[in-house]
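Scroll down for the structure; my scribbles are underneath it.
In each ligand, atom 1 is the first atom listed, and ligand 1 is the first ligand listed.
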Amino acid sequence: MGGNVFGTIFTVTTFGESHGPACGAVVDGCPAGLPLTLEDIARELRRRRPGGGGPSTTRFEADEPEVLSGIFEGKTLGTPIAIIIRNTSGRSADYEELRDAYRPGHADWTWEAKYGLRDYRGGGRSSGRETAGRVAAGAVAKVFLGRYGINIQSWTSEAAGIEVPGPGDGGFDLAEAETNPLRVPHREKAREIAEKIEALRREGDSAGGTVSCKVTGLPPGLGEPVFGKLDARIAEAMLSLGAAKGIEFGAGFSAAYGRGSELNDCPIPAGEGSGAVPPGHFRSLPPGVPALAYGSNNAGGVLGGISTGMPLEFKTAFKPVPSIGQNQKTVGRDGKIRDLCIRGRHDVCIAPRAGPVVEAMTALVLADLLLMSLPGACFKLDP
Ligand SMILES: Cc1cc2nc3c(=O)[nH]c(=O)nc-3n(C[C@H](O)[C@H](O)[C@H](O)COP(=O)(O)O)c2cc1C
């Protein structure tokens, strides 16, 4: 069974191994007539690109996309959009030792247990490099969603055990997240985390972190209960990322310890709340259904698997990077215990690099669900 296709109407197939000639994506189901430039895709790839120092691997990839099909004279054709990103900085020799050893915390043995063989160079397709194709495809979805005023923004909310103050707390500044390689929206915390990560790098160790994501402009009504619920689709998208170990929406896990009287988001008349999509947005309500907003957003913008019109808010947790430069015990292909100290270029903390990938996967889910809600938009966009 292949597991490389994602989506129902707006679909993406990613391809490529970490040290193969290229990776990329084929996007199908994107409506015709969408203005789309190479720069729209390149911009998102630059945000994901490693080699910026700080928490990321020193493997530097130019990550310049080439579009092979699906765009003509600056607009989508409604045909498959094939995007290729060449791998230019593979140093496969660094991984020679992994030919015969299974990395703790990585997918080496499970991959082999399933397929009988694996591309051991950089983890093959279980590498973070695979996410470049997702980001390229997500860039297309983002442009499509932008037409409807839907905006997706992520930031690092915790890294290396240091929590970053959230929106509304002192010092939180989203613009800051776009200017430091850690994608931390808080200048002081960014400095603190950078120091911790540098210390971990020197020790040959790694750390986990969380990425928060907020979607604004989402109308009420997106999500297909019961198996295609908005939160279920987002969770599937996030947990398809390497090293992702958990997700929570709105109040999240803390809701398990709270009370209904504290956590219910009470409806209020439309226009009185803050953050709700105003009535008259592009997706109109069925006749007889009043427009409303919510006085709080503990649900994270989704009730019954359907968007409420409030911002969609969730947080994804990433475990520490498994490839570390410390001596660890493992088992080799000969079945015997052996020592392993991993060489090669690896991230220290995934969360900062995962932000743009989280946004891309979110965009892919939302573009798909939006097209399910707006069947008229499937083939051709209104001018
Ligand atoms: C953006 C991104 C970058 C990653 N970078 C690395 C890395 O440099 N080294 C590494 O060992 N794992 C890295 N990973 C994590 C592995 O891909 C992941 O841990 C591995 O495939 C095992 O899967 P699992 O942790 O989901 O079980 C990265 C993941 C992502 C999403």
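- Aromatic pair Tyr148/Phe144: ring centres closer than 6.0 Å.
- Pairs engaging residues 152-208 under the ring-ring contact (aromatic ring centres under 6.0 Å, His included) rule: Trp155-Phe172 [sequence neighbours left out].
- Remark: among candidates Pro322, Gly128, Ser18, the nearest residue to atom 2 (C) of ligand 1 is Gly128, based on non-hydrogen atoms.
- Contact annotation: Ala354 has no heavy atom less than 4.0 Å from any atom of ligand 1.
- Using modelled atom types and a 3.5 Å distance limit, the side chains of Arg125 and Ser18 yield no donor-acceptor pair.
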* Evaluate side-chain contact (heavy atoms from CB on, under 4.5 Å) for Asp334 paired with Asp100, printing each intermediate quantity in order. => CA-CA 8 Å; Asp334 57 6; Asp100 297 317; over 6 Å; no
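- Where the criterion is an N or O separation shorter than 3.5 Å, residue side chain and backbone included, Ala243 meets it with respect to ligand 1.
- Between His346 and ligand 1, an N or O atom pair is found at a separation short of 3.5 Å.
- Considering backbone and side-chain N/O atoms, Ser323 comes within less than 3.5 Å of an N/O atom of ligand 1.
- Considering Gly355, Gly124, Ser126 only, the shortest heavy-atom separation from atom 17 (O) of ligand 1 involves Ser126.
- Contacts between Arg48 and ligand 1, counted as non-hydrogen atom pairs separated by less than 4.0 Å, are absent for every part of the residue.
- Shown here is Arg187, whose CZ atom has no more than 12 heavy atoms of other residues, nucleotides or ligands within 6.0 Å.
- Inclusion of Asp347 in the set of residues having an N or O under 3.5 Å from an N or O of ligand 1 is warranted.
- In terms of N/O distances under 3.5 Å, ligand 1 is approached by Lys319.
- Ser323 and Arg103 share a side-chain donor-acceptor pair at under 3.5 Å.
- Ring geometry for Phe314 against Phe249 counts as tilted: the plane angle lies between 30° and 60°, on a 0 to 90° scale.
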